[in-house]
Amino acid sequence: MSSLTEKILVVDDEEDLRMIVREVLKDEGFSVTEARDGLSALKLFRADVPDAVLIDLKMPHMDGLETMKEFRKIDPSVPVIILTGHGDIPTAVEAIKCGAYDFVAKPPEFDRLVITLRRAVERQTLQREVERANTALASSLEFQFGKSAAMKTVINHMQQVASTDFSVIIQGETGTGKSVLAGAIQGLSMRADKPFVSVDIGLIPDHLVESELFGYRKGAFTGAERDKVGYFETANRGTIFVDELENMSPHVQAKMLSFIEQKRIYPLGGTTPVALDVRVIAATNKDIKACVKAKEFREDLFYRLGEFIITIPPLRERTEDIPLFAKRFLFEAATELNRQIRGIGDDAVALLLAHSWPGNLRELKNVMRRAALLTEGDVIERGCIASLISEQCADKSSSSAFSPLKEAVRELERKIICEALEKTKGNITRAAKLLDVSYKNLYDKIKEYEVRGQYSRK
């Protein structure tokens, strides 16, 4: 007996057959409705969509095939089983090509009929559950990444590539959410329960990138007192996310290409290869194709890594997402701070929409967190947002109104770098983290501005 009361619509112009089928199906726990022709069946179908339909192929006025096509216009997920005489089996096969689930020859073998119906209903139930899950997933992904047309395209691409083992390059300005997107691809993939290892190339000193990525063997260099497992080996069977791809040196690019082609690494100082199963997702805030054209990035590595490229548009190009993220960031901050904040005023939202958000989502999140902390009421008003955006703009402006812009910016940048290095006692890596820039970027600036002192690369 069935644990649920599945609704079966039986359509046949033979009253005796309908009666026998009805009694058999009721004994098996099904709920049965009947129709003697296609027109009356359509009325019943529209009034209460069944879980499955059992329909005679030959009926007056509207035959089973024609009626089935009308059912599919209303709800294509409902399985239709054709009842047919032995002489009409080729037509029943044609009906299956048109969307019927199966056919049963007359007079029906009731055991086979019941089994066929149960399987049809189970498949339909599973299909509806999958559709509900996909709808919930789409809603969740839109909440996470945005509902704009541009981000719906990104989400669609992400879902398509997630089920594959393609290497992926994610492009986008700083603060657009590249690492979050990479994590979502991993979460939707067959590797979801495997390691997800994130590494920012820009935060690793140049001379340590190779050993950090691929590991090293004892004695490979002074201080290598034991074997070290690198990021790639840690990510075995899972995914490695390589951020700031553009900061990878030519030598490391060559080793990365070798891994992608051979699926094995050679730890620094080692002679025995280590076979690995690792999916690579990389991210860059530059146009990687432009970097290839400028000879700043290997073309062969680009084609290997860029089996699929996703570009995240900046926030200023998808302003319809701003209210969604502003409310989400505000809710998160209010919860963290235990503040009773109901929402954002319309004038404040208008101001958020008018701002260009050069720092993208990261900047918007910063503004909303500060707004949650500083507001005195239970609604974020325009004045609060205006003040915070003005502060952000002022922080980025030149400290001198009378110096040439480039000179003022250089002097301010040099001063900030010196202060960061002084605070970290000359540790470039820590200073880079403090300034939220890559190690390479900061190191180049130190040389450019001729900042003097004893600095550590650790």
Side-chain angles (χ1 to χ4, degrees), residues 169-179 182 197-214 221 223 230-231 240-253 255-256 268 282-288 290-291 294-298 314 357-363 365-366 392-400 403-458:
I169 293 178
I170 303 173
Q171 296 182 153
E173 294 180 5
T174 299
T176 50
K178 297 184 291 295
S179 62
V197 176
S198 180
V199 52
D200 190 331
I201 297 294
L203 295 180
I204 306 174
D206 288 348
H207 67 290
L208 294 180
V209 171
E210 181 181 355
S211 61
E212 289 295 310
L213 287 177
F214 305 108
F221 50 83
Y231 286 117
I240 188 167
F241 172 59
V242 181
D243 201 2
E244 296 207 31
L245 180 66
E246 70 278 3
N247 287 321
M248 193 177 287
S249 70
H251 175 68
V252 176
Q253 287 183 39
K255 292 209 67 168
M256 175 78 83
L268 196 63
T284 175
N285 57 25
K286 292 186 177 181
D287 182 341
I288 197 67
C291 292
K295 306 297 183 184
E296 296 172 358
F297 196 84
R298 290 182 64 128
W357 301 107
N360 293 292
L361 292 174
R362 190 175 297 165
E363 180 185 0
K365 184 174 184 177
N366 180 275
Q392 300 248 126
C393 293
D395 289 342
K396 294 172 183 175
S397 67
S398 170
S399 60
S400 170
S403 302
L405 183 59
K406 285 186 178 179
E407 181 183 336
V409 169
R410 284 173 58 85
E411 185 57 35
L412 178 60
E413 194 169 46
R414 187 181 190 282
K415 179 182 177 183
I416 291 172
I417 289 172
C418 288
E419 289 176 354
L421 288 168
E422 183 177 350
K423 187 171 183 178
T424 60
K425 297 181 180 179
N427 187 305
I428 299 177
T429 298
R430 287 174 53 205
K433 288 182 180 179
L434 187 66
L435 296 172
D436 194 22
V437 298
S438 70
Y439 176 94
K440 186 176 184 299
N441 189 307
L442 179 57
Y443 187 71
D444 289 345
K445 291 289 185 183
I446 290 172
K447 290 194 294 183
E448 179 185 349
Y449 297 148
E450 297 182 347
V451 177
R452 302 182 183 280
Q454 297 296 318
Y455 303 121
S456 165
R457 295 191 180 196
K458 296 180 181 178

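For reference, positions follow the sequence shown, starting with 1.
Panel note: side chain Lys178, backbone Asp243; no donor-acceptor pair is recorded below 3.5 Å. Using a distance-only test at 3.5 Å, with no hydrogens or angles considered, no donor-acceptor pair links the side chain of Asn360 to the main chain of Arg362.
Across Ala282 and Phe241, no two heavy atoms sit closer than the pair C-CE1, 4.3 Å. Pro314 and Thr176 make their closest contact through CA-CG2, 4.1 Å (heavy atoms, listed as atom of the first residue, atom of the second, distance). Contact between Glu244 and Ser438 at its shortest, heavy atoms only, is OE1-CB, 3.1 Å.
The CG atom of Leu421 lies 6.5 Å from the CD1 atom of Ile428; values are rounded to the nearest 0.5 Å. Here the NZ atom belonging to Lys440 is positioned 12.5 Å from the CE atom belonging to Met248, to the nearest 0.5 angstrom. Residue Leu203 holds its CG atom at 11.5 Å from CD of Glu212, rounded to the nearest 0.5 Å. Taken to the nearest 0.5 Å, the CD atom of Glu246 stands 4.5 Å off from the CG atom of Asn285. Residue Thr174 holds its OG1 atom at 10.5 Å from NZ of Lys286, rounded to the nearest 0.5 Å. Between the CG atom in Leu442 and the NZ atom in Lys433 there is a gap of 13.0 Å [rounded to 0.5 Å].
A heavy-atom distance below 4.5 Å is found between the side chains of Thr429 and Pro205. Proximity of Phe297 to Thr284: side-chain heavy atoms (C-beta onward) are nowhere separated by under 4.5 Å. Annotation: side chain of Leu213 is in contact with side chain of Ile201 (closest heavy-atom distance under 4.5 Å). Between Ile417 and Arg414 the shortest side-chain heavy-atom distance does not fall below 4.5 Å.
With sequence neighbours left out, Glu210 forms a side-chain hydrogen bond (donor to acceptor under 3.5 Å, both in side chains) with His251, Lys255. Lys445 pairs by the side-chain hydrogen bond (donor to acceptor under 3.5 Å, both in side chains) definition with Glu413, not counting sequence neighbours.
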